Structures are given as structure tokens and as C-alpha cells.
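Keep in mind the model is a prediction, meaning the values are calculated, not measured.
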Amino acid sequence: MPRIFSVLVFIILTWCPSSVEAQEYKIGSIAGSIVDANTLLPLSGATVTLNPAGTGLVTSESGQYIFAGIPVGTYSLEIRYLGYEAIKIYDVVVRVDRTTSYSIALKEQILESGEVVVHGGSYTVRADQELSVTVFGAEEVRRAPGSAGDVSRILGGLPSITKVDDTKNALMVRGGSPFENGFYIDNIQVPNINHFPTQGSSGGVLGMVNVDLLESVEFSAGGFSAEYGDRLSALVDIRLREGDRSGFKGQADFSLSGIGGVLEGPLGQKKIRNGLTAPRGSWMISVRRSYLDFIVNTFFEEEASTVPIYSDAQVKIVYDLSPAHSLTVIGLFGLDESEVDREGA
């Protein structure tokens, strides 16, 4: 199995488009769709403003919008539509020759006559959101000091949470056992999202979820709905973004957690109007493998059997069945190896 992950990493590094030519332009795009939160039907004519550039546009008949050819950097989006709550999204990162996807659902708002005073904050707060709920964006997880892109480690700094120890990312919420925490990825329950998981716990050494695939992370310390089963302490709801529908893209990653990359692109075609077509769906795959064993075996004559080896892979496929319905396939795979040479110790 480790050879399979090594081959996948090699394919991504080989097929990944060259960034030398793209760096000359240093532009990217932001695209997505605006829909009704209840019916999931597209909202045509919604206003989308890109800040700090101040550029604005309205969504098409299918609720789509796209800001093409904008300089790389960090932006914010402001979405407004008559009869719906306005939403502001921060930390929208544009990368070189990449399309950042943000699909947004707006909630209806009752319009009343009279003076209305709105005080904007830095983050969107839902009216029905419990006080014990905290929402993180993908960039917040990436930039959090000491988190190393690990979803569980960024949660360790929140109120009501205590870390078990520094070597594991297991969390004790409101005095409860780490086993009482629940993890969900796009509404699918996952028993453990970590490498080298601890028996009887929901923690481990390092998270398997790639931060490049994240859209948001919602943490609830209590008071969540009964639909989440028998979770007693806390709930972590992880949302993954969609793959890039504008074309085939790829990127290579090298960090302390491992070496790997991401491939993504459109899936299928559908007719929209006047003979025009658009992608019916998208796909993306991420693979990663640790490389510490390669370094140790290179500088030491004998192979070190005590070096932990881990690999992981993630897949997400989205296929639109209708304007209001889509089929989503999600996969999360992990492989861990750690052997101790007791005879040679």
C-alpha cells in the first residue's frame, strides 16, 4: 500500500501544470453560485461585490457569477439580494491560474418599513446560531499558529476545551471524554479523522483532512441537534469545497506534514441555453505521504524501523442531477505504519 501512495504522489508531481509561465501573469478567478437556502434554487440578479477592488456584478439566470482575471491576493465578497439576508465572506484567497469556488446559500428576510440600522462585523453570525458554535474558514485553519493545518489542533485554543497532551490532538470538551466527540464531513459521520488514532478516543497524532480541500469547519461545544446521534461532548462539522469547474488544475505540496498534491477539474457537460454548455459537476483528489523515513534511511546505513510512516488520500465528486439536486461522493483514506525493532533496541 505505501507504494501505491508513493506512485500517486509521483503522478501528481509529474502532471502538475508548470507554474513558471503562470507566475508571469499572477492572476486568478473567483466563481460560484448563489441559491436559496431553503429551496436550493438559483437566485438570478443577486449582487456580488468584490472588495477591496469594489468591483460588482449580478448573477446569471442560473445563479452563477465569476470574477475572472483578478490579481492574486486575499479578498472579501459581499452578496446582496432583495428579500434575503446580506452575507459577507472574508479570506477569499485567489491563487495563480486557479479558480476559487464559493457557492453561497441566502436565507429569506422579512422586510419591514421604517429605519434599519446595520452594524457589520468581521464574521457572519447566523440568527439561529447557538452561543457555543464557532465557525472557521479554510484560511483561518491554514494560518492558525501551531496547528500545522490540523483541524483538531486549532480547536484546542477555544474556551471549554482542554488538550489531553501535546503529542496527541485529542480534545476534552467540557470535561467529557475524547471518545464523546463527533466528526462529520459533509454530513457523513467519520469515527476518526487522524493518523495513528488512539483506541477509545477520537484523537490521534496528525489530521488526515487536507486544508486545501476545506471550505469551513463548524465546532459546537453543546446544544446541537438530536440528528447527530449519541454525541455527548462536542461536534465538529467539516465542509469540503467543490473541485474547480473551469478546467483541469493541479498543485504540489511540500510541508512538515508530508509531500503530495491536489488534482481537480470539471465533470461532464450540460446544456444551459442558446446551445451553450457548462460542466455538470466537478472532481478533486488529494494524496499525501510522509517522507521522514526517506531522510533517515538516506543518512543512516541501517534502515530505521521505528520511524512512523503514514499516507492519506481524499476524493470528492459532485454531479448535478437538477438545478436543486446533486449527487456527492466523498472518500477519506489513511494508512499508518509503525514498527519497533525490539531485538535491535
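- One hydrophobic cluster, built from ILVMFWY side chains closer than 4.5 Å, holds both Val329 and Leu263.
- Of the possible polar contacts, none joining the Tyr102 side chain to the Arg241 backbone as a donor-acceptor pair under 3.5 Å is found.
- Side-chain N or O atoms of Gln314 include one that pairs as donor or acceptor with a backbone N or O of Met208 at under 3.5 Å.
- Using a 4.5 Å cut-off between side-chain heavy atoms of Ile, Leu, Val, Met, Phe, Trp and Tyr, with links allowed through other members, Leu43 and Leu50 fall into the same hydrophobic cluster.
- In this structure, Tyr81 contributes its side chain and Ser44 its backbone to a donor-acceptor pair below 3.5 Å.
- The existence of a salt bridge linking Glu140 and Arg143 is excluded, since no basic side-chain nitrogen approaches an acidic carboxylate oxygen closer than 4.0 Å.
- The side-chain heavy atoms of Ile70 and Ile30, taken from C-beta on, include a pair separated by under 4.5 Å.
- Formation of a donor-acceptor pair under 3.5 Å by the Asn192 side chain with backbone atoms of Gly203 is found in this model.
- Taking 4.0 Å as the cut-off between side-chain N and carboxylate O, Arg288 and Asp312 count as a salt-bridged pair.
- When side chains are defined from C-beta on, Leu171 does not count as touching Pro178, because their heavy atoms never get closer than 4.5 Å.
- Using modelled atom types, one side-chain atom of Trp283 and one backbone atom of Pro266 make a donor-acceptor pair closer than 3.5 Å.
- Between Phe254 and Tyr291, the distance from one ring center to the other falls under 6.0 angstrom.
- A salt bridge between Arg174 and Glu180 is absent, with no side-chain N of the basic residue lying under 4.0 Å from a carboxylate O of the acidic one.
- With contacts defined as side-chain heavy-atom distances shorter than 4.5 Å, the pair Glu218/Thr134 does not qualify.
- The nearest pair of heavy atoms linking Ser233 to Val173 is OG-O, 3.8 Å.
- Side-chain contact check for Tyr184 versus Val236: every heavy-atom pair is 4.5 Å or farther apart.
- A salt bridge links Asp320 and Arg245; the closest N-O separation between the charged side-chain nitrogens and carboxylate oxygens is under 4.0 Å.
- No single ILVMFWY cluster, assembled from side-chain heavy atoms under 4.5 Å apart, contains both Val58 and Ile79.
- Under 4.0 Å is where a charged nitrogen must lie from a carboxylate oxygen, and between Lys107 and Asp36 no such pair does.
- Connection of Ile104 to Leu40 is not established within any shared hydrophobic cluster, with ILVMFWY side chains joined at heavy-atom distances below 4.5 Å, either directly or through further cluster members.
- When side chains are defined from C-beta on, Val262 counts as touching Asn210, because their heavy atoms get closer than 4.5 Å.
- With Lys26 contributing its side chain and Val96 its backbone, the two residues share no donor-acceptor pair below 3.5 Å.
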Begin with the C-alpha distance, continue with both residues' side-chain angles, and end with the deciding distance and a verdict on side-chain contact (heavy atoms from CB on, under 4.5 Å) for Ile193 and Val190. CA-CA 7 Å; Ile193 61 171; Val190 181; 3.8 Å; yes
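- At a threshold of 4.0 Å, the pair Arg95-Glu139 counts as salt-bridged, since one of the basic side-chain nitrogens sits closer than that to a carboxylate oxygen.
- With Thr99 contributing its side chain and Ser246 its backbone, the two residues share no donor-acceptor pair below 3.5 Å.
- Taking the side chain as every heavy atom from C-beta outward, Met284 and Leu213 approach each other to under 4.5 Å.
- Here the closest heavy-atom approach between residue Asp186 and residue Leu240 is recorded as OD1-N, 3.1 Å.
- Not a single donor-acceptor pair under 3.5 Å links the side chain of Ser290 to the backbone N or O of Leu292.
- In this structure, Val315 is a member of the same hydrophobic cluster as Leu327, with clusters built from ILVMFWY side-chain heavy atoms closer than 4.5 Å.
- Remark: the backbone N or O of Gly265 is not paired with any side-chain donor or acceptor of Ser282 at under 3.5 angstrom.
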Assess whether side-chain contact (heavy atoms from CB on, under 4.5 Å) is satisfied between Tyr75 and Asn51, documenting all intermediate values. CA-CA 6 Å; Tyr75 298 85; Asn51 294 316; over 6 Å; no
Working for side-chain contact (heavy atoms from CB on, under 4.5 Å), residues Asn187 and Arg239: CA-CA 8 Å; Asn187 296 322; Arg239 300 287 178 172; 3.2 Å; yes
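- The closest side-chain heavy-atom distance from Tyr319 to Arg280 is below 4.5 Å.
- Asp253 places no side-chain N or O within 3.5 Å of a backbone atom of Ile259 that could act as its donor or acceptor partner.
- Side-chain atoms of Gln251 and Asp212 include a donor-acceptor pair closer than 3.5 Å.
- By the 4.5 Å heavy-atom criterion applied to side chains, Leu206 and Phe196 are not counted as neighbours.
- Surrounding CZ of Arg80 are at most 12 heavy atoms belonging to other residues, nucleotides or ligands under 6.0 Å away.
- Salt bridge status for Asp97 with Lys249: present, with a side-chain N to carboxylate O gap under 4.0 Å.
- Listed here is the closest heavy atom pair of Gly207 and Asn194: CA-OD1, 3.5 Å.
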